[in-house]
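Take a look at the structure below.
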Amino acid sequence: MATKVTVRGNLDQALRKFKQKVARDGVPSECRKREAYDKPGVRRRAAKKEGIKNSQKRNRANNRDY
């Protein structure tokens, strides 16, 4: 789907809006992901590593004493 941003005077502001919309849609991360082929085992290891990192982050956030 095409992303549209109308320019009303300030080109820099319109460009910033466009970049935000594209980033929100996940286009840059999708391009990075498709740059090279990853073997299924490599993908699984990366997903497991990411899950461990996220769970540790969640545990740190839950165990904070205020």
Side-chain angles (χ1 to χ4, degrees):
M1 190 166 151
T3 303
K4 289 184 184 179
V5 174
T6 55
V7 179
R8 294 187 185 141
N10 194 350
L11 182 63
D12 292 331
Q13 203 170 25
L15 185 61
R16 191 177 312 128
K17 282 280 193 196
F18 175 74
K19 286 181 180 181
Q20 287 173 353
K21 283 186 178 185
V22 168
R24 218 176 293 131
D25 289 342
V27 174
S29 61
E30 187 70 24
C31 288
R32 252 182 267 115
K33 188 173 85 175
R34 292 174 184 263
E35 251 176 24
Y37 177 75
D38 289 333
K39 290 183 184 178
V42 172
R43 266 189 268 147
R44 275 193 301 272
R45 281 194 299 273
K48 186 174 182 178
K49 191 175 181 179
E50 186 71 23
I52 291 169
K53 187 174 83 172
N54 287 339
S55 68
Q56 288 174 345
K57 192 178 191 181
R58 234 184 344 265
N59 286 339
R60 276 195 308 269
N62 289 339
N63 293 333
R64 286 191 184 139
D65 292 329
Y66 289 103

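In this text, all values refer to a predicted model and were calculated from it rather than measured experimentally. Counting begins at 1 with the first residue of the sequence.
- Among residues two or more places apart in sequence or in another chain, the salt bridge (Lys or Arg N to Asp or Glu O under 4.0 Å) test is passed with Arg34 by Glu30.
- Note that CZ of Arg64 is 11.5 Å distant from CG of Asn59, once rounded to the nearest 0.5 Å.
- Looking only at side-chain heavy atoms (C-beta outward), Arg45 and Lys49 stay at 4.5 Å or farther from each other.
- Side-chain contacts under 4.5 Å among hydrophobic residues (ILVMFWY), followed directly or transitively, place Leu11 together with Val7.
- Heavy atoms only, all atoms of each residue included: Pro28 and Ala23 are closest at CD-CA, 4.1 Å.
- Side-chain heavy-atom separations under 4.5 angstrom define the hydrophobic clusters, and the remaining members of the one that includes Val27 are Val5, Phe18, Val22.
- For residues 10-19, there are no side-chain hydrogen bond (donor to acceptor under 3.5 Å, both in side chains) pairs, not counting sequence neighbours.
- Lys21 and Lys4 get closest at one heavy-atom pair: NZ-O, 3.2 Å.
- Within the structure, the salt bridge (Lys or Arg N to Asp or Glu O under 4.0 Å) test picks out no pair touching residues 35-44 (sequence neighbours left out).
- Arg58 is linked by a side chain to side chain contact (heavy atoms under 4.5 Å, CB included) to Asn54, Ser55, counting only residues two or more places apart in sequence or in another chain.
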